[in-house]
K.L.:
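This is the structure, below, for whatever I ask next.
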Amino acid sequence: MKGLIPLLLGIFGTFTFSWVGLTVIPNLQIGHLDPQMDEEGTDVYPARKSGMTERGSHVFAANGCFYCHSRQLRPDYAASDIDRTRDLGPTPRPKWGERRSAPRDYIFDRPVLIGNMRMGPDLSNMGKAAPAEEENASPAPSASPAGPLAGTASPVPTKSPANPSASPAPAGSPSPKPANSPATSTSPVAVAAASPAPAAGAKPAPATQAVSAAPSPAGSPTVAESKTGEPSPYSAAWHHRHLYSPRSISIDSNMPAYRFLYEKRRIAGERSADALQLTGSEAPPTGWEIIPTYDANCLVAYLMSLDQSHPLKEVKGAAPAASPAPAAPGAPAPAAPPPAASPVKGGQ
Amino acid sequence: MDATEIPLKAPAISADAPTSDVEQIERALIDASTRVPVLMFYTSAIFWLLFGTLLAGFVSFKLHSPDWFSNVSFLTWGRVRPAHMNVMVYGWASMAGMGTAIWLMARLCRTVLRHPLLLVAGAGFWNFGVLLGVGGILMGDSTGYQWLEFPPYAAIVLFVAYSLIISWAVLMFRFRRGDQIYITQWYLLGAFLWFPWLYAAAQLMLFVVPVQGVMQAAVSWWFANNLLFLWFGAIGLGTAYYMIPKVIGRPVYSYHLATIGFWTYALFSSWTGMQRLVDGPFPAWMITASIAATILTIIPVATVGLNHHMTMQGYFPLMRYSPTLRFTVFGAISYTVFSALGVLISLRSVARYVNFTQASIAYSHLGLYAFFTMVIFGSMYYIVPRLVGREWRYASLIKLHFWASVYGIGLMILMLLAGGFLEGANMDNPSLAFSESTQTILPYLRGRSLSGVLLTVSHFVFAFHFGLMLFGLGRTSSVPTFLNPVETEGSEAHI
């Protein structure tokens with residue numbers, strides 16, 4: 001090659017072509033999406049993250065959770081993500097999701113953590129898998145980092161006659177509390193006021209049964225305490241325990257424990273409401289308790305906020321969010337669904 | 001270009017042409033002028049290589065023994081892994097690649113290196129940037145974008161360092177002698193110009209004026225893939241185009257093929273990347289375009305592979321003696337394998353199974369290690385003796401380095417590919433629990449850890465040998481170190 005000029009032009013030309021083609025043009029197409037809303041301007045999806053949830057996403061990124069947990073579901077013609085159910089939870093097990101992920105699901109995410117590896121299950125709809133009532137309390141849109149430690153914002157457990165058999169200060173979810181406590185909606189460690197439904201088959205362990213107060217009107221304390229002290233799967237308490245000691249929940253798990261997100265401290269007077277309920281060798285010595293740090297609470301708030309179940313106009317075939325679609329867990333994957341099932345139309 | 005002006009022997013690579021004394025002295029002067037900066041790049045790179053290897057071993061073991069050090073925040077898997085990747089990418093591969101590129105540039109421009117201080121300062125800043133970045137990741141400042149995990153403050157330092165290095169390269173090109181621009185120079189010039197644009201574009205679109213939503217993921221994968229091809233790939237191929245003809249003393253088989261190979265490479269490989277996001281939340285055309293581009297990379301791969309093969313034709317036995325040739329040819333072959341695997345796993349029918357599995361790790365290692373790193377090792381075996389004026393002391397150590405690397409990377413890729421396919425097949429079967437798929441791959445991950453032990457041995461052996469050279473403990477001899485005693489006549493002069 002003789003001249004330097006053609007070489008330089010070629011080098012710049014090929015690069016510009018790629019840069020424009022793969023980043024600039026797609027950015028024109030899907031880089032300026034607005035949340036979807038109905039005619040009245042209500043039912044807005046997705047909502048902007050705020051407070052602890054936002055901070056939780058940074059904890060998620062900083063600790064590299066996304067290297068093992070994707071946050072995207074492929075369409076049903078391309079993979080069996082939609083047919084998958086979670087390994088735990090009440091039967092029928094919660095599904096990974098009802099529809100594929102679309103660009104609009106992520107418009108407020110920064111950083112976007114869609115991941116490209118699954119050494120652990122997908123988390124697109126992690127919050128959706130939480131026990132029914134907790135799901136409503138969990139996104140905590142109004143939660144602000146005002147409380148230096150979320151634990152302090154948690155309601156102080158009050159001795160309730162409804163659960164005389166419960167351990168003095170059960171972890172997170174089992175904590176007895178007045179259901180009308182004002183703190184409920186602000187606390188990310190949403191204290192489970194479990195209804196009998198989600199707890200019915202909470203764990204394979206037969207002993208796991210919710211001891212629930214009679215379904216009385218609001219104001220009466222309800223309890224989601226299982227006899228073994230096992231939090232129901234995908235509740236906030238469960239997440240904390242899973243982060244602290246993954247193998248106490250699933251012996252097969254190869255997730256690292258995130259103990260540095262938890263603090264061991266001496267019980268001063270009353271046991272904290274959000275102290276982890278641990279058994280066996282994991283349990284702290286008497287007089288001590290394990291409590292989540294603020295970052296751990298943010299992380300759990302983030303995990304419980306993950307929910308892509310809201311239908312999107314551009315994704316066809318999405319089941320309404322309300323129908324749980326009881327897919328038989330044992331059913332084999334549909335062989336090869338028609339390929340034109342649900343293409344994403346970005347930019348619409 | 002006109003066929004008559006295609007030189008069958010580029011001036012700088014005609015080792016078998018009778019070189020005049022003037023030319024000999026000229027070369028010695030050029031080599032001497034590059035000594036300090038290139039050795040500084042190499043020494044830093046090897047330091048990062050050892051550090052990154054230790055991190056890699058930790059990551060690999062922790063994946064199947066997850067309870068190690070779970071109390072220590074900066075040793076959690078999700079921080080050590082990006083630290084490992086970035087140390088290897090920016091610490092080892094980039095620095096070693098730049099060291100080799102600087103030396104090649106000086107030789108091919110036939111001009112002494114001016115202002116070496118610029119380069120030394122650049123290397124210093126670069127080291128500082130990597131240190132800052134790795135520290136940031138371990139302290140929990142990772143940005144969460146693949147291969148861009150360095151927090152912005154470290155990225156700025158890297159950029160300053162790079163601008164010092166590039167301004168030197170431009171200066172060098174300005175003062176080059178002779179009209180001819182050799183193939184290697186195309187690739188190196190491309191790499192030197194593509195990298196800053198790539199890095200700046202990614203930094204701008206992710207941190208300065210962040211794009212919305214999933215576009216961040218698209219930009220980050222576009223960056224990661226182009227870094228692999230346009231930066232590492234270009235330096236690796238350019239180096240191979242120099243080393244192979246140089247060592248065997250024979251010109252490159254065809255300049256035409258080389259031209260086709262270079263331009264198709266620049267055009268197609270820069271459009272790949274989105275196939276790693278197959279069926280994700282993106283417009284389907286982006287992914288399809290990248291898959292098509294990946295398939296089209298068969299053209300540059302075939303032309304480059306054919307060119308190298310025809311150049312080597314009849315000279316393959318020399319790999320028995322020359323360390324440089326052995327490493328470089330292994331790397332060049334790995335480039336073909338790497339690209340073929342890239343085409344295979346980009347196909348939608350295959351991606352259904354391998355997406356989200358360890359197979360993609362095998363792919364990255366095939367590119368960054370089996371291809372790029374091996375080529376760079378080869379170039380170091382050639383360049384370092386010319387800088388320190390000594391020959392490598394132990395042929396046995398070179399052999400140990402080579403075989404431990406080859407078996408190590410081979411085992412790692414086999415384990416990750418086989419394990420990845422099985423993992424993916426289980427993952428695609430919704431009647432199996434998800435934990436089945438991660439359980440399936442555990443034995444393969446243990447095998448991968450074994451390969452990590454081999455690679456660790458190989459890198460420490462090499463570092464030790466390099467250290468001997470650095471401290472002037474190499475052999476003083478006019479004959480280079482051969483891997484095996486040369487018993488035949490004729491070829492040894494070029495090795």
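Chain identifiers are assigned alphabetically (A, B, ...) following the order of the sequence lines, protein sequences preceding nucleic acid strands; residue numbering begins at 1 within each chain. Excluded from the calculations below are hydrogen atoms, water molecules and symmetry mates; all remaining heavy atoms, backbone and side chain alike, are included.
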K.L.:
Show, in sequence, the C-alpha distance, side-chain angles and deciding distance for A:D252 and B:T438, and conclude whether the side-chain contact (heavy atoms from CB on, under 4.5 Å) test is met.
P.N.:
CA-CA 9 Å; A:D252 286 343; B:T438 47; over 6 Å; no
K.L.:
With rounding to the nearest 0.5 Å, note down the distance linking CG in B:D279 to CG in A:L73.
P.N.:
12.0 Å
K.L.:
Can you tell which part of B:F173 gets under 4.5 Å to a heavy atom of chain A, answering side chain, backbone, both or neither?
P.N.:
side chain
K.L.:
Give, for atom OG1 of B:T76 and atom OH of A:Y258, the distance between the pair rounded to the nearest 0.5 Å.
P.N.:
4.5 Å
K.L.:
Can you tell me which portion of A:L113 sits under 4.5 Å from chain B's heavy atoms? Options are side chain, backbone, both or neither.
P.N.:
side chain
K.L.:
Report which part of B:L445 has an atom under 4.5 Å of a heavy atom belonging to chain A: side chain, backbone, both, or neither.
P.N.:
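Looking at B:L445, just its side chain touches chain A.
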K.L.:
Give a yes or no on this: more than 12 heavy atoms of other residues, nucleotides or ligands lie within 6.0 Å of atom CH2 of B:W147.
P.N.:
yes
K.L.:
Is chain B contacted by the side chain of A:W19, its backbone, both, or neither, given a heavy-atom distance below 4.5 Å?
P.N.:
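Contact with chain B is through both the backbone and side chain of A:W19.
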K.L.:
Let me know if A:T16 has heavy atoms under 4.5 Å from chain B in its side chain, its backbone, both or neither.
P.N.:
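Both backbone and side chain of A:T16 come within 4.5 Å of chain B.
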K.L.:
Which residue out of B:V278, B:D141, B:T143, B:L189 racks up the most heavy-atom pairs below 4.5 Å with chain A?
P.N.:
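The residue among B:V278, B:D141, B:T143, B:L189 with the greatest pair count is B:L189.
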K.L.:
Looking at every non-hydrogen atom in both residues, tell me the closest pair between B:W285 and A:G21 and how far apart they are.
P.N.:
CH2-O, 3.5 Å
K.L.:
Can you tell which of A:G31, A:G13, A:S70, A:S253 has the highest number of heavy-atom pairs within less than 4.5 Å of chain B?
P.N.:
A:G31
K.L.:
Look up atom CZ in B:F356 and atom CZ in A:R74, then write down how far apart they are to the nearest 0.5 Å.
P.N.:
5.0 Å
K.L.:
Relative to chain A, which of B:P82, B:A217, B:A218 shows the most heavy atom pairs under 4.5 Å?
P.N.:
B:P82
K.L.:
Do A:Y77 and B:R348 have side chains that get closer than 4.5 Å, going by heavy atoms?
P.N.:
no
K.L.:
Could you walk me through whether B:V211 and A:T23 pass the side-chain contact (heavy atoms from CB on, under 4.5 Å) test, one step at a time?
P.N.:
CA-CA 10 Å; B:V211 288; A:T23 68; over 6 Å; no
K.L.:
Could you measure the distance from the CD atom of B:Q212 to the CG atom of A:L33? Nearest 0.5 Å is fine.
P.N.:
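It comes to 5.0 Å.
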K.L.:
If you compare all heavy atoms of A:P256 against all heavy atoms of B:K62, which two are closest, and at what distance to 0.1 Å?
P.N.:
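For A:P256 versus B:K62, the nearest heavy atoms are CB-NZ, 4.1 Å.
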K.L.:
Look up atom CG in A:L7 and atom CH2 in B:W263, then write down how far apart they are to the nearest 0.5 Å.
P.N.:
5.0 Å
K.L.:
Which bit of A:I82 comes within less than 4.5 Å of chain B, counting heavy atoms only: side chain, backbone, both or neither?
P.N.:
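Contact with chain B is absent: no heavy atom of A:I82 under 4.5 Å.
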K.L.:
Please give me the minimum heavy-atom distance between B:Q216 and A:R110, naming the atom from each residue.
P.N.:
OE1-CA, 3.9 Å
K.L.:
Are any of the side-chain heavy atoms of A:I30 and B:P283 separated by less than 4.5 Å?
P.N.:
yes
K.L.:
Go through the structure and list residues passing side chain to side chain contact (heavy atoms under 4.5 Å, CB included) with A:H32, not counting sequence neighbours.
P.N.:
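Side chain to side chain contact (heavy atoms under 4.5 Å, CB included) list for A:H32, sorted by chain: A:N27.
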K.L.:
Tell me, for B:M139 versus chain A, whether the close heavy atoms (under 4.5 Å) come from the side chain, the backbone, both or neither.
P.N.:
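Nothing of B:M139, per the 4.5 Å heavy-atom cut-off to chain A.
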K.L.:
Taking B:M427, B:R81, B:M274 one by one, which has the highest count of heavy-atom pairs under 4.5 Å against chain A?
P.N.:
B:M427
K.L.:
At a 4.5 Å cut-off on heavy atoms, which part of B:L193 comes close to chain A: side chain, backbone, both, or neither?
P.N.:
side chain
K.L.:
Under 3.5 Å, which donor-acceptor pairs link side chains of residues 65-73 of chain B to any protein atom two or more places apart or in another chain?
P.N.:
unit_1: B:D67; atom_1: OD1; unit_2: A:R247; atom_2: NH2; d: 2.6
unit_1: B:D67; atom_1: OD2; unit_2: A:R247; atom_2: NE; d: 3.2

K.L.:
Counting heavy-atom pairs under 4.5 Å with chain B, which one of A:G64, A:A78, A:A61, A:S18 comes out on top?
P.N.:
A:S18
K.L.:
By a 4.5 Å heavy-atom criterion (distance strictly below it), what part of B:A351 contacts chain A: side chain, backbone, both, or neither?
P.N.:
backbone
K.L.:
Which pair of non-hydrogen atoms, one from B:P281 and one from A:Y106, has the smallest distance, and what is that distance?
P.N.:
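Smallest heavy-atom distance, with atoms named: CG-CE1, 3.5 Å.
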K.L.:
Could you check A:N254 against B:H64 for side-chain contact (heavy atoms from CB on, under 4.5 Å), going step by step and ending with a plain yes or no?
P.N.:
CA-CA 6 Å; A:N254 64 340; B:H64 49 78; over 6 Å; no
K.L.:
Would you mind reporting whether B:V214 and A:Q72 have side-chain heavy atoms less than 4.5 Å apart?
P.N.:
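Not in contact.
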K.L.:
Would A:R118 and B:F434 count as a side-chain contact (heavy atoms from CB on, under 4.5 Å) here? Give the steps.
P.N.:
CA-CA 10 Å; A:R118 283 184 187 153; B:F434 179 82; 4.1 Å; yes
K.L.:
With a 4.5 Å heavy-atom cut-off (strictly below), which parts of residues 220-227 of chain B touch chain A? List them by number.
P.N.:
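Listed by number: B:W221, B:W222, B:N226.
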K.L.:
Quick one: which of A:I25, A:N63, A:I114, A:D109 has the most heavy-atom pairs under 4.5 Å with chain B, could you say?
P.N.:
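With the most close heavy-atom pairs to chain B, the winner is A:N63.
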K.L.:
Taking side chain to side chain contact (heavy atoms under 4.5 Å, CB included) as the definition, give me every residue that meets it alongside B:S360, ordered by chain and number, with sequence neighbours left out.
P.N.:
A:N116, A:M117, B:R276
K.L.:
Can you name the nearest heavy-atom pair linking B:N429 to A:S80, along with the distance?
P.N.:
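Nearest heavy atoms, B:N429 then A:S80: N-OG, 4.1 Å.
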K.L.:
Using modelled atom types only, decide if a donor and an acceptor are shared between the side chain of A:R100 and the backbone of B:G280 within a distance under 3.5 Å.
P.N.:
yes
K.L.:
State, yes or no, whether a side-chain contact exists between B:Y145 and A:P111 at a heavy-atom distance under 4.5 Å.
P.N.:
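The answer is yes, as the side chains (C-beta and beyond) meet within the 4.5 Å cut-off.
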K.L.:
Top residue by heavy-atom pair count (under 4.5 Å) with chain A, among B:G190, B:S349, B:P210?
P.N.:
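Max contact count across the listed options: B:P210.
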K.L.:
Locate the shortest heavy-atom distance separating A:R84 from B:L432; write the atom from each residue and the value.
P.N.:
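So the two residues come closest at NH1-O, 2.9 Å.
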K.L.:
Could you have a look at B:S142, B:A433, B:G140 and say which one has the most heavy-atom pairs with chain A under 4.5 angstrom?
P.N.:
B:A433
K.L.:
What option among B:I361, B:L198, B:L230 has the most heavy-atom pairs under 4.5 Å with chain A?
P.N.:
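Top option by heavy-atom pairs under 4.5 Å: B:L198.
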K.L.:
Is B:T272 close to chain A through its backbone or its side chain, or both, or neither, when contacts mean heavy atoms under 4.5 Å?
P.N.:
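Interface part for B:T272: backbone (N, CA, C, O).
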K.L.:
Can you find a pair of side-chain heavy atoms, one from B:Q146 and one from A:Y67, that are under 4.5 Å apart?
P.N.:
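Contact flag for B:Q146/A:Y67 side chains = yes.
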K.L.:
Please report the interatomic distance CE(B:M215) to CG(A:L28), rounded to the nearest 0.5 Å.
P.N.:
9.0 Å
K.L.:
If we only count heavy atoms from C-beta on, is the A:P26 to B:F282 side-chain gap below 4.5 Å?
P.N.:
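Answer no - side chains too far apart.
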K.L.:
Under 4.5 Å, counting heavy-atom pairs only, tell me which of A:G120, A:G115, A:P246 racks up the most with chain B.
P.N.:
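So the answer, after comparing A:G120, A:G115, A:P246, is A:G120.
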K.L.:
Under 4.5 Å from any heavy atom of chain B, what part of A:F12 do you find: side chain, backbone, both or neither?
P.N.:
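Both parts, backbone and side chain.
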